[in-house]
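Shown next, in C-alpha coordinates, is the structure this report addresses.
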Amino acid sequence: MADPKGFMTTPRQEWPRRPVEERVRDWDEVYVPGALLPIISKQADRCMDCGIPFCHDACPLGNLIPEWNDLVSREDWRAASERLHATNNFPEFTGRLCPAPCEAGCVLAINQPAVTIKNVECAIADRSWAEGFVSPRPPDRLSGRTVAVIGSGPTGLAAAQQLTRAGHTVAVYEKDDRLGGLMRYGIPEFKMEKLHLERRLEQMRGEGTKFRTSTVVGRDVGAAELRTRYDAVVIATGATAWRELTVPGRELTGIHQAMEYLPLANRVCEGDLQASPMSAAGKHVVIVGGGDTGADCLGTAVRDGAASVTQLDIYALPGADRDEDTEPWPTYPKVYRLSAAHEEARDLETAPAADADARLFAASTLRFTGDGDGHVRSLHLVEVDAQRRPLTGSVRTLPADFVLLALGFSGPVREDGLIDQLGLGLEPRGTISRDGDFATNVPGVFAAGDAARGQSLIVWAIAEGRAVAAAVDRYLNGSSCLPAPIGPYDRPMAV
(Lines give C-alpha, C1' and ligand atoms only; values in the text may rest on other atoms or scores of the structure.)
Protein backbone atom coordinates (compact mmCIF):
# COMPACT_ATOMS: atom_id res chain seq x y z
CA MET A 1 0.00 0.00 0.00
CA ALA A 2 1.82 3.11 -1.24
CA ASP A 3 -0.51 5.55 0.56
CA PRO A 4 -2.18 4.11 3.68
CA LYS A 5 -4.57 7.09 3.77
CA GLY A 6 -5.28 7.26 0.05
CA PHE A 7 -8.80 5.91 0.35
CA MET A 8 -9.61 8.66 2.88
CA THR A 9 -7.91 11.62 1.19
CA THR A 10 -8.45 10.98 -2.54
CA PRO A 11 -11.94 11.02 -4.06
CA ARG A 12 -12.87 8.65 -6.86
CA GLN A 13 -12.13 10.15 -10.27
CA GLU A 14 -12.98 8.30 -13.47
CA TRP A 15 -11.59 8.57 -16.99
CA PRO A 16 -13.36 11.67 -18.38
CA ARG A 17 -15.47 11.38 -21.50
CA ARG A 18 -15.30 13.73 -24.44
CA PRO A 19 -18.12 16.30 -24.72
CA VAL A 20 -21.32 14.73 -26.01
CA GLU A 21 -21.73 17.16 -28.93
CA GLU A 22 -18.22 16.29 -30.11
CA ARG A 23 -18.21 12.53 -29.75
CA VAL A 24 -21.58 11.80 -31.38
CA ARG A 25 -20.18 13.24 -34.62
CA ASP A 26 -17.55 10.50 -34.90
CA TRP A 27 -16.93 6.83 -34.07
CA ASP A 28 -13.82 7.31 -31.94
CA GLU A 29 -13.75 6.01 -28.38
CA VAL A 30 -15.76 8.20 -26.06
CA TYR A 31 -12.94 8.93 -23.58
CA VAL A 32 -10.61 11.92 -23.65
CA PRO A 33 -7.33 10.65 -25.14
CA GLY A 34 -4.44 10.81 -22.70
CA ALA A 35 -6.59 11.96 -19.78
CA LEU A 36 -6.37 8.71 -17.82
CA LEU A 37 -2.65 8.48 -17.08
CA PRO A 38 -2.34 11.80 -15.18
CA ILE A 39 -4.95 10.69 -12.62
CA ILE A 40 -4.51 6.96 -12.36
CA SER A 41 -1.61 6.70 -9.91
CA LYS A 42 -3.53 8.65 -7.26
CA GLN A 43 -6.61 6.53 -7.98
CA ALA A 44 -4.57 3.36 -7.44
CA ASP A 45 -3.52 4.85 -4.08
CA ARG A 46 -7.14 4.45 -2.95
CA CYS A 47 -6.73 0.65 -2.87
CA MET A 48 -6.59 -0.46 0.78
CA ASP A 49 -4.60 -3.68 0.17
CA CYS A 50 -7.29 -5.54 2.10
CA GLY A 51 -6.42 -8.59 4.16
CA ILE A 52 -9.14 -10.45 2.26
CA PRO A 53 -9.49 -8.77 -1.16
CA PHE A 54 -13.02 -9.61 -2.25
CA CYS A 55 -12.27 -8.10 -5.66
CA HIS A 56 -10.39 -11.37 -6.35
CA ASP A 57 -13.55 -13.42 -5.87
CA ALA A 58 -15.74 -10.95 -7.73
CA CYS A 59 -13.47 -11.31 -10.78
CA PRO A 60 -13.64 -14.78 -12.40
CA LEU A 61 -10.13 -14.29 -13.75
CA GLY A 62 -8.79 -13.88 -10.21
CA ASN A 63 -6.98 -10.70 -11.24
CA LEU A 64 -4.27 -9.69 -8.75
CA ILE A 65 -5.86 -6.30 -8.25
CA PRO A 66 -4.22 -5.07 -5.01
CA GLU A 67 -0.81 -6.05 -6.36
CA TRP A 68 -1.02 -4.10 -9.60
CA ASN A 69 -2.77 -1.20 -7.86
CA ASP A 70 0.23 -0.90 -5.55
CA LEU A 71 2.66 -1.12 -8.47
CA VAL A 72 0.78 1.56 -10.42
CA SER A 73 0.72 3.86 -7.39
CA ARG A 74 4.53 3.51 -7.35
CA GLU A 75 4.56 3.96 -11.15
CA ASP A 76 6.31 0.63 -11.71
CA TRP A 77 4.45 0.01 -14.97
CA ARG A 78 6.52 -2.94 -16.17
CA ALA A 79 5.90 -4.95 -13.01
CA ALA A 80 2.23 -3.91 -13.05
CA SER A 81 1.98 -5.18 -16.62
CA GLU A 82 3.49 -8.53 -15.63
CA ARG A 83 1.05 -8.98 -12.75
CA LEU A 84 -1.93 -7.98 -14.89
CA HIS A 85 -1.03 -10.28 -17.78
CA ALA A 86 -0.40 -13.15 -15.36
CA THR A 87 -4.17 -13.66 -15.12
CA ASN A 88 -5.66 -11.87 -18.13
CA ASN A 89 -4.72 -12.37 -21.78
CA PHE A 90 -6.55 -9.28 -23.00
CA PRO A 91 -6.81 -6.60 -20.28
CA GLU A 92 -7.40 -3.80 -22.80
CA PHE A 93 -10.63 -5.60 -23.78
CA THR A 94 -11.92 -6.03 -20.25
CA GLY A 95 -10.68 -2.56 -19.25
CA ARG A 96 -13.04 -1.12 -21.85
CA LEU A 97 -15.92 -3.59 -22.06
CA CYS A 98 -16.30 -5.33 -18.69
CA PRO A 99 -18.97 -3.94 -16.30
CA ALA A 100 -16.43 -4.39 -13.48
CA PRO A 101 -17.89 -6.85 -10.97
CA CYS A 102 -14.54 -6.42 -9.21
CA GLU A 103 -15.54 -2.88 -8.26
CA ALA A 104 -18.81 -4.13 -6.78
CA GLY A 105 -16.72 -6.47 -4.62
CA CYS A 106 -14.21 -3.79 -3.58
CA VAL A 107 -14.10 -3.58 0.23
CA LEU A 108 -14.05 0.22 -0.02
CA ALA A 109 -17.43 -0.02 -1.79
CA ILE A 110 -19.09 -1.05 1.49
CA ASN A 111 -19.54 2.62 2.34
CA GLN A 112 -17.60 4.66 -0.26
CA PRO A 113 -17.17 4.82 -4.05
CA ALA A 114 -15.06 1.83 -5.12
CA VAL A 115 -11.51 1.97 -6.39
CA THR A 116 -11.46 2.64 -10.15
CA ILE A 117 -10.17 -0.88 -10.82
CA LYS A 118 -11.36 -0.98 -14.42
CA ASN A 119 -9.62 2.30 -15.28
CA VAL A 120 -6.38 1.17 -13.62
CA GLU A 121 -6.51 -2.06 -15.62
CA CYS A 122 -7.01 -0.16 -18.87
CA ALA A 123 -4.19 2.25 -18.06
CA ILE A 124 -1.77 -0.62 -17.42
CA ALA A 125 -2.76 -2.37 -20.64
CA ASP A 126 -2.40 0.76 -22.77
CA ARG A 127 0.90 1.71 -21.11
CA SER A 128 2.16 -1.84 -21.73
CA TRP A 129 1.69 -1.39 -25.47
CA ALA A 130 3.09 2.14 -25.47
CA GLU A 131 6.23 1.09 -23.59
CA GLY A 132 6.78 -2.12 -25.56
CA PHE A 133 6.14 -4.44 -22.62
CA VAL A 134 3.88 -6.65 -24.78
CA SER A 135 5.52 -8.93 -27.31
CA PRO A 136 4.92 -12.41 -28.76
CA ARG A 137 5.70 -15.29 -26.40
CA PRO A 138 6.20 -18.34 -28.64
CA PRO A 139 6.76 -21.70 -26.94
CA ASP A 140 10.26 -23.04 -26.42
CA ARG A 141 9.31 -26.31 -28.09
CA LEU A 142 6.34 -27.87 -29.83
CA SER A 143 4.37 -30.76 -28.37
CA GLY A 144 3.48 -32.33 -31.70
CA ARG A 145 -0.23 -32.12 -30.77
CA THR A 146 -2.78 -30.14 -32.78
CA VAL A 147 -5.90 -28.28 -31.62
CA ALA A 148 -8.71 -26.65 -33.60
CA VAL A 149 -10.53 -23.77 -31.92
CA ILE A 150 -13.89 -22.88 -33.49
CA GLY A 151 -14.72 -19.24 -32.90
CA SER A 152 -12.48 -16.19 -32.45
CA GLY A 153 -14.31 -14.31 -29.74
CA PRO A 154 -12.66 -13.70 -26.36
CA THR A 155 -13.07 -17.34 -25.28
CA GLY A 156 -11.62 -18.78 -28.47
CA LEU A 157 -8.73 -16.32 -28.58
CA ALA A 158 -7.83 -16.86 -24.92
CA ALA A 159 -7.94 -20.65 -25.33
CA ALA A 160 -5.86 -20.47 -28.52
CA GLN A 161 -3.21 -18.24 -26.98
CA GLN A 162 -2.84 -20.40 -23.88
CA LEU A 163 -2.63 -23.62 -25.89
CA THR A 164 -0.15 -22.13 -28.37
CA ARG A 165 2.09 -20.99 -25.52
CA ALA A 166 1.90 -24.51 -24.10
CA GLY A 167 3.50 -25.78 -27.30
CA HIS A 168 0.50 -27.12 -29.20
CA THR A 169 -0.15 -26.25 -32.84
CA VAL A 170 -3.42 -24.31 -32.84
CA ALA A 171 -5.66 -23.22 -35.69
CA VAL A 172 -8.61 -20.90 -35.07
CA TYR A 173 -11.61 -21.17 -37.40
CA GLU A 174 -13.83 -18.09 -37.77
CA LYS A 175 -17.01 -17.88 -39.84
CA ASP A 176 -16.72 -14.13 -40.51
CA ASP A 177 -14.25 -12.46 -42.83
CA ARG A 178 -12.42 -10.88 -39.90
CA LEU A 179 -11.41 -12.19 -36.50
CA GLY A 180 -12.87 -11.18 -33.16
CA GLY A 181 -16.44 -12.48 -33.06
CA LEU A 182 -18.81 -10.05 -31.36
CA MET A 183 -15.85 -7.87 -30.38
CA ARG A 184 -15.39 -7.20 -34.09
CA TYR A 185 -18.93 -6.82 -35.38
CA GLY A 186 -21.06 -6.52 -32.23
CA ILE A 187 -19.16 -3.97 -30.15
CA PRO A 188 -19.36 -0.45 -31.63
CA GLU A 189 -16.14 1.38 -32.43
CA PHE A 190 -16.96 4.10 -29.90
CA LYS A 191 -16.74 1.52 -27.10
CA MET A 192 -13.57 -0.20 -28.31
CA GLU A 193 -11.55 0.82 -31.33
CA LYS A 194 -10.51 -2.26 -33.27
CA LEU A 195 -6.81 -1.38 -33.19
CA HIS A 196 -6.77 -2.97 -29.70
CA LEU A 197 -8.04 -6.21 -31.23
CA GLU A 198 -5.69 -6.07 -34.23
CA ARG A 199 -2.50 -5.79 -32.21
CA ARG A 200 -3.46 -8.73 -29.99
CA LEU A 201 -4.07 -10.78 -33.13
CA GLU A 202 -0.62 -9.80 -34.42
CA GLN A 203 0.88 -10.90 -31.09
CA MET A 204 -0.86 -14.28 -31.45
CA ARG A 205 0.36 -14.70 -35.03
CA GLY A 206 3.87 -13.98 -33.79
CA GLU A 207 3.46 -16.76 -31.23
CA GLY A 208 2.44 -19.25 -33.91
CA THR A 209 -1.37 -19.38 -33.75
CA LYS A 210 -2.91 -19.97 -37.19
CA PHE A 211 -6.18 -18.35 -38.28
CA ARG A 212 -8.73 -19.48 -40.85
CA THR A 213 -11.36 -16.82 -41.60
CA SER A 214 -14.53 -17.05 -43.73
CA THR A 215 -14.78 -20.71 -42.76
CA VAL A 216 -18.02 -22.08 -41.36
CA VAL A 217 -17.35 -25.38 -39.60
CA GLY A 218 -20.22 -27.66 -40.52
CA ARG A 219 -20.64 -26.14 -43.97
CA ASP A 220 -17.28 -25.14 -45.49
CA VAL A 221 -15.44 -27.78 -43.47
CA GLY A 222 -17.23 -30.84 -42.13
CA ALA A 223 -17.28 -30.96 -38.34
CA ALA A 224 -16.52 -34.70 -38.24
CA GLU A 225 -13.68 -34.20 -40.72
CA LEU A 226 -12.21 -31.46 -38.54
CA ARG A 227 -12.35 -33.75 -35.53
CA THR A 228 -10.31 -36.41 -37.32
CA ARG A 229 -7.67 -33.87 -38.42
CA TYR A 230 -6.92 -32.54 -34.94
CA ASP A 231 -6.05 -34.14 -31.63
CA ALA A 232 -8.61 -31.94 -29.86
CA VAL A 233 -11.31 -29.46 -30.78
CA VAL A 234 -12.56 -26.51 -28.71
CA ILE A 235 -16.01 -25.14 -29.56
CA ALA A 236 -16.16 -21.45 -28.65
CA THR A 237 -18.76 -20.22 -31.12
CA GLY A 238 -20.61 -18.07 -28.62
CA ALA A 239 -24.35 -17.81 -28.04
CA THR A 240 -25.51 -16.03 -31.17
CA ALA A 241 -29.06 -17.44 -31.47
CA TRP A 242 -31.00 -14.28 -30.73
CA ARG A 243 -34.26 -14.26 -28.80
CA GLU A 244 -37.45 -13.32 -30.61
CA LEU A 245 -40.38 -11.12 -29.64
CA THR A 246 -43.58 -12.95 -30.49
CA VAL A 247 -46.19 -10.21 -30.47
CA PRO A 248 -48.74 -9.14 -33.12
CA GLY A 249 -47.14 -7.09 -35.88
CA ARG A 250 -43.69 -8.65 -35.62
CA GLU A 251 -43.87 -9.46 -39.33
CA LEU A 252 -43.92 -5.78 -40.33
CA THR A 253 -40.90 -4.43 -42.17
CA GLY A 254 -38.66 -2.05 -40.26
CA ILE A 255 -38.30 -4.41 -37.27
CA HIS A 256 -34.80 -5.85 -36.99
CA GLN A 257 -32.65 -7.80 -34.61
CA ALA A 258 -29.85 -5.83 -32.95
CA MET A 259 -27.23 -8.11 -34.46
CA GLU A 260 -28.58 -7.39 -37.93
CA TYR A 261 -28.04 -3.67 -37.28
CA LEU A 262 -24.78 -3.37 -35.31
CA PRO A 263 -22.47 -5.32 -37.68
CA LEU A 264 -23.32 -2.99 -40.57
CA ALA A 265 -22.22 0.07 -38.60
CA ASN A 266 -18.98 -1.73 -37.77
CA ARG A 267 -18.45 -2.56 -41.43
CA VAL A 268 -18.76 1.14 -42.25
CA CYS A 269 -16.00 1.82 -39.73
CA GLU A 270 -13.93 -0.99 -41.27
CA GLY A 271 -14.27 0.67 -44.69
CA ASP A 272 -16.35 -2.11 -46.24
CA LEU A 273 -19.35 0.18 -46.80
CA GLN A 274 -19.70 3.90 -47.42
CA ALA A 275 -23.00 3.92 -45.52
CA SER A 276 -25.08 1.35 -43.69
CA PRO A 277 -28.03 -0.03 -45.67
CA MET A 278 -29.88 -0.22 -42.34
CA SER A 279 -29.30 3.32 -41.11
CA ALA A 280 -31.52 4.91 -38.46
CA ALA A 281 -31.04 8.40 -39.92
CA GLY A 282 -34.17 10.53 -39.62
CA LYS A 283 -36.23 7.70 -38.12
CA HIS A 284 -38.12 7.26 -34.86
CA VAL A 285 -36.23 4.39 -33.26
CA VAL A 286 -37.45 2.16 -30.44
CA ILE A 287 -35.06 -0.37 -28.93
CA VAL A 288 -36.70 -3.28 -27.10
CA GLY A 289 -34.33 -4.55 -24.41
CA GLY A 290 -32.54 -2.79 -21.58
CA GLY A 291 -29.13 -4.50 -21.63
CA ASP A 292 -25.73 -3.61 -23.02
CA THR A 293 -26.64 -4.61 -26.57
CA GLY A 294 -29.58 -2.21 -26.42
CA ALA A 295 -27.26 0.54 -25.22
CA ASP A 296 -24.91 -0.22 -28.13
CA CYS A 297 -27.86 0.17 -30.51
CA LEU A 298 -28.73 3.44 -28.78
CA GLY A 299 -25.28 4.96 -29.24
CA THR A 300 -25.18 3.77 -32.85
CA ALA A 301 -28.63 5.20 -33.67
CA VAL A 302 -27.66 8.55 -32.14
CA ARG A 303 -24.58 8.66 -34.39
CA ASP A 304 -26.72 7.68 -37.37
CA GLY A 305 -28.78 10.83 -36.79
CA ALA A 306 -32.09 9.29 -35.69
CA ALA A 307 -35.05 11.65 -35.23
CA SER A 308 -35.72 10.09 -31.82
CA VAL A 309 -34.49 7.05 -29.90
CA THR A 310 -36.27 5.36 -27.00
CA GLN A 311 -35.11 2.23 -25.19
CA LEU A 312 -37.56 -0.07 -23.39
CA ASP A 313 -36.48 -1.93 -20.25
CA ILE A 314 -38.90 -4.42 -18.72
CA TYR A 315 -37.38 -3.94 -15.27
CA ALA A 316 -38.31 -1.09 -12.94
CA LEU A 317 -36.10 1.99 -12.69
CA PRO A 318 -33.35 0.97 -10.24
CA GLY A 319 -32.24 3.20 -7.40
CA ALA A 320 -28.91 4.97 -7.12
CA ASP A 321 -27.73 2.88 -4.17
CA ARG A 322 -27.40 -0.83 -3.45
CA ASP A 323 -30.34 -2.53 -1.74
CA GLU A 324 -28.53 -4.24 1.14
CA ASP A 325 -31.47 -6.58 1.81
CA THR A 326 -31.72 -8.08 -1.67
CA GLU A 327 -28.24 -7.44 -3.14
CA PRO A 328 -25.79 -7.16 -0.25
CA TRP A 329 -22.12 -6.37 -0.75
CA PRO A 330 -20.08 -7.92 -2.42
CA THR A 331 -22.63 -9.08 -5.03
CA TYR A 332 -23.06 -7.09 -8.24
CA PRO A 333 -26.03 -4.79 -7.60
CA LYS A 334 -28.69 -3.62 -10.02
CA VAL A 335 -28.39 0.15 -9.61
CA TYR A 336 -28.96 3.03 -11.98
CA ARG A 337 -25.94 3.31 -14.28
CA LEU A 338 -25.38 5.94 -16.95
CA SER A 339 -23.42 4.51 -19.86
CA ALA A 340 -21.85 6.79 -22.44
CA ALA A 341 -24.73 6.10 -24.83
CA HIS A 342 -27.34 6.91 -22.19
CA GLU A 343 -25.49 10.11 -21.29
CA GLU A 344 -25.58 11.12 -24.95
CA ALA A 345 -29.30 10.37 -25.25
CA ARG A 346 -30.04 12.29 -22.06
CA ASP A 347 -28.10 15.39 -23.07
CA LEU A 348 -29.49 15.36 -26.62
CA GLU A 349 -33.04 14.63 -25.37
CA THR A 350 -33.58 11.85 -27.88
CA ALA A 351 -36.61 10.50 -25.97
CA PRO A 352 -38.71 13.25 -24.34
CA ALA A 353 -41.16 10.73 -22.88
CA ALA A 354 -38.48 8.61 -21.18
CA ASP A 355 -38.26 8.00 -17.44
CA ALA A 356 -34.50 8.61 -17.43
CA ASP A 357 -32.02 9.34 -20.25
CA ALA A 358 -33.55 7.44 -23.22
CA ARG A 359 -35.13 4.64 -21.22
CA LEU A 360 -38.70 3.75 -20.38
CA PHE A 361 -38.64 1.32 -17.45
CA ALA A 362 -41.13 -1.38 -16.47
CA ALA A 363 -42.30 -1.35 -20.10
CA SER A 364 -43.52 -4.42 -21.99
CA THR A 365 -44.30 -4.46 -25.71
CA LEU A 366 -47.89 -5.41 -26.57
CA ARG A 367 -47.93 -5.15 -30.37
CA PHE A 368 -46.75 -3.26 -33.43
CA THR A 369 -48.97 -1.51 -35.96
CA GLY A 370 -48.03 -0.43 -39.45
CA ASP A 371 -49.13 1.48 -42.52
CA GLY A 372 -50.78 0.29 -45.72
CA ASP A 373 -47.43 -0.78 -47.12
CA GLY A 374 -46.74 -3.15 -44.24
CA HIS A 375 -44.10 -0.97 -42.59
CA VAL A 376 -44.03 -0.51 -38.83
CA ARG A 377 -45.22 2.89 -37.60
CA SER A 378 -46.11 2.44 -33.92
CA LEU A 379 -45.20 0.38 -30.90
CA HIS A 380 -47.84 -0.20 -28.23
CA LEU A 381 -46.60 -0.88 -24.71
CA VAL A 382 -47.93 -1.36 -21.22
CA GLU A 383 -46.39 -0.70 -17.83
CA VAL A 384 -45.80 -3.83 -15.75
CA ASP A 385 -45.19 -4.62 -12.09
CA ALA A 386 -42.25 -6.59 -10.65
CA GLN A 387 -43.90 -9.87 -11.74
CA ARG A 388 -44.34 -8.46 -15.27
CA ARG A 389 -48.09 -8.21 -14.90
CA PRO A 390 -49.67 -5.37 -16.90
CA LEU A 391 -50.99 -2.41 -14.93
CA THR A 392 -54.50 -1.25 -15.75
CA GLY A 393 -54.72 1.98 -17.67
CA SER A 394 -51.01 2.15 -18.50
CA VAL A 395 -51.10 1.38 -22.23
CA ARG A 396 -49.06 3.84 -24.32
CA THR A 397 -48.17 4.24 -27.98
CA LEU A 398 -44.79 5.35 -29.30
CA PRO A 399 -44.01 6.42 -32.85
CA ALA A 400 -41.73 3.77 -34.30
CA ASP A 401 -40.66 3.36 -37.90
CA PHE A 402 -37.42 1.56 -36.99
CA VAL A 403 -37.45 -1.05 -34.21
CA LEU A 404 -34.47 -2.96 -32.87
CA LEU A 405 -34.85 -6.12 -30.78
CA ALA A 406 -32.07 -6.47 -28.21
CA LEU A 407 -33.45 -9.30 -26.08
CA GLY A 408 -30.29 -11.32 -25.59
CA PHE A 409 -29.22 -14.72 -26.88
CA SER A 410 -30.34 -18.24 -26.02
CA GLY A 411 -27.38 -20.35 -27.15
CA PRO A 412 -25.33 -21.36 -30.19
CA VAL A 413 -26.97 -21.45 -33.60
CA ARG A 414 -27.62 -24.86 -35.17
CA GLU A 415 -28.07 -23.90 -38.81
CA ASP A 416 -24.38 -24.36 -39.64
CA GLY A 417 -24.58 -28.08 -38.82
CA LEU A 418 -21.69 -28.17 -36.32
CA ILE A 419 -23.74 -29.43 -33.37
CA ASP A 420 -25.70 -32.02 -35.34
CA GLN A 421 -22.75 -33.33 -37.35
CA LEU A 422 -20.79 -34.04 -34.18
CA GLY A 423 -23.85 -35.30 -32.31
CA LEU A 424 -23.25 -32.98 -29.37
CA GLY A 425 -25.51 -33.17 -26.36
CA LEU A 426 -27.49 -30.07 -25.43
CA GLU A 427 -28.88 -28.65 -22.23
CA PRO A 428 -32.64 -27.89 -22.06
CA ARG A 429 -31.93 -24.18 -22.64
CA GLY A 430 -30.02 -24.93 -25.86
CA THR A 431 -26.40 -24.64 -24.71
CA ILE A 432 -23.85 -27.41 -25.31
CA SER A 433 -23.59 -29.99 -22.53
CA ARG A 434 -20.20 -30.58 -20.92
CA ASP A 435 -18.76 -32.26 -17.85
CA GLY A 436 -16.53 -30.95 -15.08
CA ASP A 437 -13.53 -30.95 -17.44
CA PHE A 438 -15.27 -28.87 -20.15
CA ALA A 439 -15.54 -32.06 -22.25
CA THR A 440 -18.60 -32.79 -24.38
CA ASN A 441 -20.08 -36.22 -25.00
CA VAL A 442 -17.77 -36.54 -28.05
CA PRO A 443 -14.22 -37.63 -27.10
CA GLY A 444 -11.65 -34.92 -27.70
CA VAL A 445 -14.26 -32.19 -28.19
CA PHE A 446 -14.54 -29.46 -25.57
CA ALA A 447 -17.00 -26.57 -25.23
CA ALA A 448 -16.41 -23.23 -23.57
CA GLY A 449 -17.71 -19.69 -23.36
CA ASP A 450 -21.25 -18.59 -24.09
CA ALA A 451 -21.87 -21.64 -26.31
CA ALA A 452 -21.85 -23.78 -23.16
CA ARG A 453 -22.27 -21.32 -20.28
CA GLY A 454 -24.93 -19.19 -21.92
CA GLN A 455 -24.84 -15.45 -22.48
CA SER A 456 -22.35 -13.92 -20.06
CA LEU A 457 -19.71 -11.20 -19.61
CA ILE A 458 -16.43 -10.79 -21.48
CA VAL A 459 -14.46 -11.39 -18.29
CA TRP A 460 -16.20 -14.78 -17.87
CA ALA A 461 -15.52 -15.54 -21.54
CA ILE A 462 -11.77 -15.00 -21.13
CA ALA A 463 -11.79 -17.01 -17.91
CA GLU A 464 -13.56 -19.85 -19.73
CA GLY A 465 -10.95 -19.72 -22.50
CA ARG A 466 -8.08 -20.00 -20.02
CA ALA A 467 -9.81 -22.79 -18.11
CA VAL A 468 -10.72 -24.88 -21.16
CA ALA A 469 -7.12 -24.53 -22.39
CA ALA A 470 -5.91 -26.13 -19.16
CA ALA A 471 -8.45 -28.95 -19.61
CA VAL A 472 -7.37 -29.59 -23.21
CA ASP A 473 -3.68 -29.48 -22.26
CA ARG A 474 -4.37 -32.03 -19.51
CA TYR A 475 -6.27 -34.22 -22.00
CA LEU A 476 -3.35 -34.13 -24.45
CA ASN A 477 -0.47 -34.45 -21.96
CA GLY A 478 -1.97 -36.17 -18.92
CA SER A 479 -1.26 -33.11 -16.77
CA SER A 480 -1.11 -29.34 -17.18
CA CYS A 481 0.60 -26.32 -15.66
CA LEU A 482 -1.82 -23.91 -17.31
CA PRO A 483 -4.05 -21.94 -14.90
CA ALA A 484 -7.74 -22.77 -14.66
CA PRO A 485 -9.40 -19.78 -12.97
CA ILE A 486 -12.93 -21.23 -13.04
CA GLY A 487 -14.79 -24.48 -13.44
CA PRO A 488 -17.66 -25.03 -15.87
CA TYR A 489 -20.25 -24.85 -13.07
CA ASP A 490 -18.94 -21.73 -11.35
CA ARG A 491 -21.28 -18.76 -11.31
CA PRO A 492 -21.05 -15.12 -10.17
CA MET A 493 -21.51 -14.34 -6.50
CA ALA A 494 -25.19 -14.04 -5.63
CA VAL A 495 -27.44 -14.09 -2.59
Side-chain angles (χ1 to χ4, degrees), residues 17 19-21 23-25 30 188 190 245-250 252-258 261-262 278-320 334-371 375-408:
R17 296 167 179 163
V20 167
E21 290 286 352
R23 69 187 195 235
V24 297
R25 293 197 294 267
V30 299
F190 60 81
L245 182 64
T246 54
V247 298
R250 171 62 182 90
L252 294 168
T253 59
I255 303 174
H256 309 279
Q257 287 282 350
Y261 173 65
L262 292 174
M278 199 179 286
S279 173
K283 298 177 182 177
H284 296 288
V285 180
V286 179
I287 301 162
V288 183
D292 288 342
T293 302
D296 293 344
C297 291
L298 173 63
T300 301
V302 167
R303 283 162 177 77
D304 276 349
S308 69
V309 192
T310 306
Q311 183 180 7
L312 307 185
D313 191 329
I314 201 166
Y315 295 102
L317 173 64
K334 185 174 178 61
V335 297
Y336 178 72
R337 294 179 174 88
L338 190 69
S339 71
H342 292 119
E343 180 185 43
E344 293 158 5
R346 180 198 65 187
D347 291 0
L348 298 175
E349 298 181 345
T350 70
D355 298 322
D357 46 76
R359 287 173 281 188
L360 275 173
F361 290 89
S364 178
T365 304
L366 290 174
R367 67 184 187 279
F368 302 104
T369 53
D371 57 21
H375 194 285
V376 66
R377 294 301 176 195
S378 301
L379 181 148
H380 305 266
L381 62 90
V382 64
E383 188 176 347
V384 295
D385 62 16
Q387 285 71 46
R388 302 187 181 181
R389 295 172 300 201
L391 301 179
T392 304
S394 64
V395 175
R396 302 173 61 179
T397 301
L398 297 179
D401 49 20
F402 192 78
V403 177
L404 295 169
L405 306 181
L407 301 170

TODO: Using modelled atom types only, decide if a donor and an acceptor are shared between the side chain of T365 and the backbone of R367 within a distance under 3.5 Å.
DONE: no

Open item on the list: Angle between ring planes, F402 versus H256, binned at 30° and 60°: parallel, tilted or perpendicular?
Closed with: tilted

TODO: Please say whether the positively charged group of R250, taken as NZ for Lys or CZ for Arg, lies over the ring of F368, i.e. under 6.0 angstrom from the six-membered ring centre and within 45 degrees of the axis.
DONE: no

Task: Non-hydrogen atoms of L252 and G370 that approach each other most closely - done: CD1-N, 3.6 Å

Open item on the list: Salt bridge or not between D401 and K283? Use side-chain N to carboxylate O under 4.0 Å.
Closed with: no

Task: Any Q257 side-chain heavy atom under 4.5 Å of L404 side chain - done: no

Open item on the list: Is it the case that the side chains of Y315 and R359 hold a donor-acceptor pair, with the cut-off being a distance below 3.5 Å and no angle test?
Closed with: no

Open item on the list: Restricting to non-hydrogen atoms, name the atom on A400 and the atom on L379 that form the minimum distance, rounded to 0.1 Å.
Closed with: CB-N, 4.0 Å

Open item on the list: I'd like to check V288 versus L245 (side-chain heavy atoms, cut-off strictly below 4.5 Å). Are they in contact?
Closed with: yes

Open item on the list: Less than 4.0 angstrom from a charged side-chain N to a carboxylate O is my criterion; do R17 and E344 meet it?
Closed with: no

- [ ] Output yes when a side-chain donor or acceptor of D357 lies under 3.5 Å from a complementary backbone atom of A345, and no otherwise.
- [x] no

Task: Main-chain N/O of S279 paired with D304 side-chain donor or acceptor, under 3.5 Å - done: no

Task: D385 side chain to Q387 backbone, donor-acceptor under 3.5 Å - done: yes

Open item on the list: Quick one: does any side-chain atom of E383 pair with a main-chain N or O of V395 as donor and acceptor, under 3.5 Å?
Closed with: no

Open item on the list: Quick one: does any side-chain atom of R303 pair with a main-chain N or O of G299 as donor and acceptor, under 3.5 Å?
Closed with: yes

TODO: Verify the distance criterion only: is there a donor paired with an acceptor across the side chains of H380 and T369 at less than 3.5 Å?
DONE: yes

